[in-house]
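These notes concern the structure reproduced below.
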Amino acid sequence: PPIPMEYQLHASTPQAAGGVRTICVHGLPNDVRLRELRNLAVLLPGYESCHLAPGDGRRLVTGFVRFDSPTSAAHACERLQGLQFDE
């Protein structure tokens, strides 16, 4: 069966000229911990750091993940797109 949209990750890079090394990861559950995002991101080539945007406890959370190059960031976006994070 299809994965519910609220449990799928959506990764994107800001639309900007030049090399963007940070991606936005949308669709994280509101109780996600930084450790969980780090455990996911550390498996991606070129991972450098990550942080979570403060949430209000009711909405899905956004994470930001920084990579060593724009190529690594683009590759991470492709790998994370539609990934099931939580049930």
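Since this is a predicted model, take the numbers as computed values, not measurements.
Closest approach of A76 and I23 over heavy atoms only: CB-CD1, 4.0 Å. Nearest heavy atom pair, residue C24 against residue T62, reads CB-CG2, 4.4 Å. Minimum interatomic distance between L28 and G63 (heavy atoms only, all atoms of both residues): CD1-N, 3.7 Å.
If you take CG on D68 and OG on S49, they are separated by 11.0 Å, rounding to the nearest 0.5 Å.
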What verdict does the side chain to side chain contact (heavy atoms under 4.5 Å, CB included) test give for T22 and F67, after you've listed the backbone C-alpha separation in whole Å, the side-chain angles of each residue and the deciding distance to 0.1 Å? CA-CA 6 Å; T22 302; F67 293 89; over 6 Å; no
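Residues forming a ring-ring contact (aromatic ring centres under 6.0 Å, His included) with H51 (at least two apart in sequence, or on another chain): F64. Qualifying side chain to side chain contact (heavy atoms under 4.5 Å, CB included) partners for R21, counting only residues two or more places apart in sequence or in other chains: E48, R66, P70. T71 pairs by the side chain to side chain contact (heavy atoms under 4.5 Å, CB included) definition with S69, not counting sequence neighbours.
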Atom pairs and distances, donor-acceptor, side-chain atoms in residues 32-46, under 3.5 Å, two or more places apart:
residue : atom : partner : partner atom : Å
E36     : OE1  : R33     : N            : 2.7
N39     : ND2  : R35     : O            : 3.4

